[in-house]
Amino acid sequence: MTQPQPFQDIADNLSFLDDWEDRYRYLIELGQALPKLEEAERNAANKVNGCVSQVWLVAEPDNVSGSPHLRFRGESDAMIVQGLVAVLLALYSDRAASEIAETDAIALFDELGLREHLTTQRSNGLVAMVNRIRGEARAALG
């Protein structure tokens, strides 16, 4: 399955960065570019359980040509995690719920080498975010 262009752009940019400090800086820049959530959206319903950092994900369902699609917005209080949120949004947002449910972000992150230098806690948080997003997609599919 072809990945969305925003995710491909991130993957291409990461491929040019061999040094982990450069990759961390790039992730931080991606996170800083995300729009902030409204204060009211940082609530218990949007909070991702299983993350050591505070992470909120907002799913906005839409119906495109009779097929459920989802747009995601998100935020974290940790800079690196905010960058991981940005990568996940580039991968999953504005896609059909069926595609979201089938897309294994963890495998893609492993292919990009994005998990190998994450702490165990951040890696577990990443899995929690992916599970939450894919769960939203399965719920939208009914």
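Residues: numbered from 1 along the sequence shown.
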* Asked: Taking all non-hydrogen atoms of both residues, which atom of Ser76 and which atom of Gln82 are closest, and how far apart?
  -> N-OE1, 2.5 Å
* To do: Assess whether atom CD of Glu21 is packed by more than 12 heavy atoms of other residues, nucleotides or ligands within 6.0 Å.
  => no
Pair up each side-chain donor or acceptor in residues 128-142 with any protein partner under 3.5 Å, not counting sequence neighbours, and list the distances.
from   : atom 1 : to     : atom 2 : distance (Å)
Asn131 : ND2    : Val127 : O      : 3.4
Arg132 : NE     : Glu136 : OE2    : 3.3
Arg132 : NH1    : Lys47  : O      : 2.9
Arg132 : NH2    : Ala45  : O      : 2.9
Arg134 : NE     : Ala101 : O      : 3.1
Arg134 : NE     : Thr103 : O      : 3.3
Arg134 : NH2    : Ala101 : O      : 2.8

* To do: Look at the side-chain heavy atoms of Ile, Leu, Val, Met, Phe, Trp and Tyr, link any pair under 4.5 Å apart, and say whether Leu30 and Val58 land in one connected group.
  => no
* Atom pair CG (Leu70) and CG (Asp94), whose distance is rounded to the nearest 0.5 Å -> 9.5 Å
* Asked: Hey, does the side chain of Ser123 reach the backbone of Thr120 with a donor-acceptor pair shorter than 3.5 angstrom?
  -> no
* Under the side chain to side chain donor-acceptor pair (under 3.5 Å) test, which residues partner Gln32, sequence neighbours left out? -> none
* Asked: Hey, does the side chain of Asn13 reach the backbone of Asp9 with a donor-acceptor pair shorter than 3.5 angstrom?
  -> yes
* Structure fact -> Which of Val85, Ile80, Val81, Leu84 passes side-chain contact (heavy atoms from CB on, under 4.5 Å) with Ser53? It is Val81
* **Test item: Leu108 and Glu111 side chains (from C-beta on) under 4.5 Å apart, heavy atoms** => yes
* Nearest heavy-atom pair of Phe72 and Ala59: which atoms, and what distance? -> CE2-CB, 3.6 Å
* Asked: Which heavy atom in Leu37 sits nearest to a heavy atom in Arg73, and how many Å separate them?
  -> CD2-NH1, 3.4 Å
* Asked: Closest approach of Tyr26 and Ile10, non-hydrogen atoms and distance?
  -> OH-CA, 3.6 Å
* Is the closest side-chain heavy-atom distance between Leu114 and Leu27 below 4.5 Å? -> yes
* **Smallest separation among heavy atoms of Leu91 and Ala105, with atom names** => CD2-CB, 3.5 Å
* Flag the pair Val55 / Glu75 as yes when at least one side-chain heavy-atom distance between them is below 4.5 Å, and no otherwise. => no
* Asked: If you group Ile, Leu, Val, Met, Phe, Trp and Tyr by side-chain heavy-atom gaps below 4.5 Å, do Leu14 and Phe109 land in one group?
  -> yes
* For atom CD of Gln121, is the number of surrounding heavy atoms from other residues, nucleotides or ligands below 6.0 Å larger than 12? -> no
* Does atom CD of Gln54 have more than 12 heavy-atom neighbours from other groups under 6.0 Å away? -> yes
* Minimum heavy-atom distance Ala40-Asn43, with the two atoms named -> O-ND2, 2.9 Å
* Glu38 backbone acceptor or donor facing Glu41 side chain under 3.5 Å -> yes
* Take Arg71 and Ser93, measure what side chain to side chain donor-acceptor pair (under 3.5 Å) needs, and give me the verdict at the end. => CA-CA 4 Å; Arg71 168 174 286 136; Ser93 196; 4.7 Å; no
* **Straight-line distance of Arg115 CZ to Leu126 CG, nearest 0.5 Å** => 6.5 Å
* Asked: Under 4.5 Å between any side-chain heavy atoms of Val48 and Trp56, yes or no?
  -> no
* **Between CG on residue Asp104 and CG on residue Asp110, distance to nearest 0.5 Å** => 8.0 Å
